Amino acid sequence: METKSDILTLAAMSAGVIGAVAFCAGATIGWCGVLACGLLLFFLRLRGRMGEDDFRQKRILSILMFSAVALCAAAYLMMEGKRYWLLPLMISACVEFYSSFRLK
């Protein structure tokens, strides 16, 4: 059975993907999904970091919090209409990919 945190993480990632695809398709409000994804992931990882005793897990969750901040930056750039909003999104994806091999 999945935990509540896993379900919320899945919902946040889904909102981020839907928001990015909607923005690429021309919906100007697509940045809301990416912002919701970034904020939800930030607070989920902050909560996980506070409850963790293992230093290694705390460090990895801190790295993942940086990834969530990059998602919020991407949402801000989308909202402003900048064309380089994809850069923080790619940074976030690379950090998520890197940390997926580090988590147990």
Side-chain angles (χ1 to χ4, degrees):
M1 171 126 183
E2 293 184 18
T3 63
K4 187 167 132 178
S5 178
D6 291 339
I7 293 170
L8 286 173
T9 301
L10 180 64
M13 291 291 188
S14 299
V17 169
I18 290 169
V21 169
F23 189 80
C24 288
T28 56
I29 200 78
W31 61 270
C32 290
V34 178
L35 182 63
C37 173
L39 290 175
L40 186 59
L41 288 177
F42 181 81
F43 288 114
L44 281 172
R45 289 163 180 172
L46 181 64
R47 191 181 116 223
R49 189 180 186 285
M50 296 293 187
E52 193 65 46
D53 291 332
D54 184 23
F55 176 74
R56 180 177 169 272
Q57 291 291 98
K58 279 187 173 187
R59 187 190 63 200
I60 292 171
L61 286 171
S62 295
I63 292 169
L64 287 172
M65 285 171 59
F66 171 76
S67 171
V69 169
L71 281 173
C72 292
Y76 174 75
L77 292 173
M78 288 171 143
M79 182 180 66
E80 291 294 316
K82 306 293 184 188
R83 298 188 61 101
Y84 48 88
W85 62 269
L86 210 55
L87 184 62
L89 190 71
M90 294 294 288
I91 290 170
S92 177
C94 289
V95 169
E96 293 279 342
F97 183 70
Y98 165 78
S99 64
S100 68
F101 292 106
R102 296 288 182 190
L103 289 173
K104 55 179 171 175

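This structure is a prediction, so every number in the text was calculated from the model and none was measured.
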State, yes or no, whether a side-chain contact exists between Phe42 and Leu71 at a heavy-atom distance under 4.5 Å.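 No, side chains not in contact.
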
Check whether any side-chain heavy atom of Leu35 sits under 4.5 Å from a side-chain heavy atom of Cys72, and report yes or no. yes

Connected via hydrophobic side-chain network under 4.5 Å: [X] and [Y]:
X	Y	result
Met65	Val95	no
Leu89	Met79	yes
Leu86	Tyr76	yes

Kindly determine whether Val34 and Phe23 satisfy side chain to side chain contact (heavy atoms under 4.5 Å, CB included), including the steps that lead there. CA-CA 10 Å; Val34 178; Phe23 189 80; over 6 Å; no

Roughly how far, to the nearest 0.5 Å, is [atom2] of [Y] from [atom1] of [X]?
X	Y	atom1	atom2	result
Cys24	Met78	SG	CE	6.5 Å
Leu64	Gln57	CG	CD	9.5 Å
Leu87	Ser92	CG	OG	11.5 Å
Trp31	Cys37	CH2	SG	14.0 Å
Ile60	Tyr98	CD1	OH	7.5 Å
Met90	Trp85	CE	CH2	10.5 Å

Under the 4.5 Å side-chain heavy-atom rule for ILVMFWY, direct or indirect, which residues accompany Ile7? none

Linking Ile, Leu, Val, Met, Phe, Trp and Tyr through side-chain heavy atoms less than 4.5 Å apart, which residues share a cluster with Phe55?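 Besides Phe55, the cluster holds no residue at all.
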
Before you tell me yes or no, could you show the steps for Val17 and Met13 under side chain to side chain contact (heavy atoms under 4.5 Å, CB included), namely the whole-Å CA-CA distance, both residues' side-chain angles and the distance that decides it to 0.1 Å? CA-CA 6 Å; Val17 169; Met13 291 291 188; 5.6 Å; no

Can you sort out the partners of Arg47 under side chain to side chain contact (heavy atoms under 4.5 Å, CB included), two or more places apart, ordered by chain and number? Leu44

Looking only at heavy atoms, the pair that brings Gly30 and Ala22 closest together is CA-CB, 4.4 Å

What are the two closest heavy atoms between Arg49 and Leu61, and how far apart are they? N-CD1, 3.6 Å

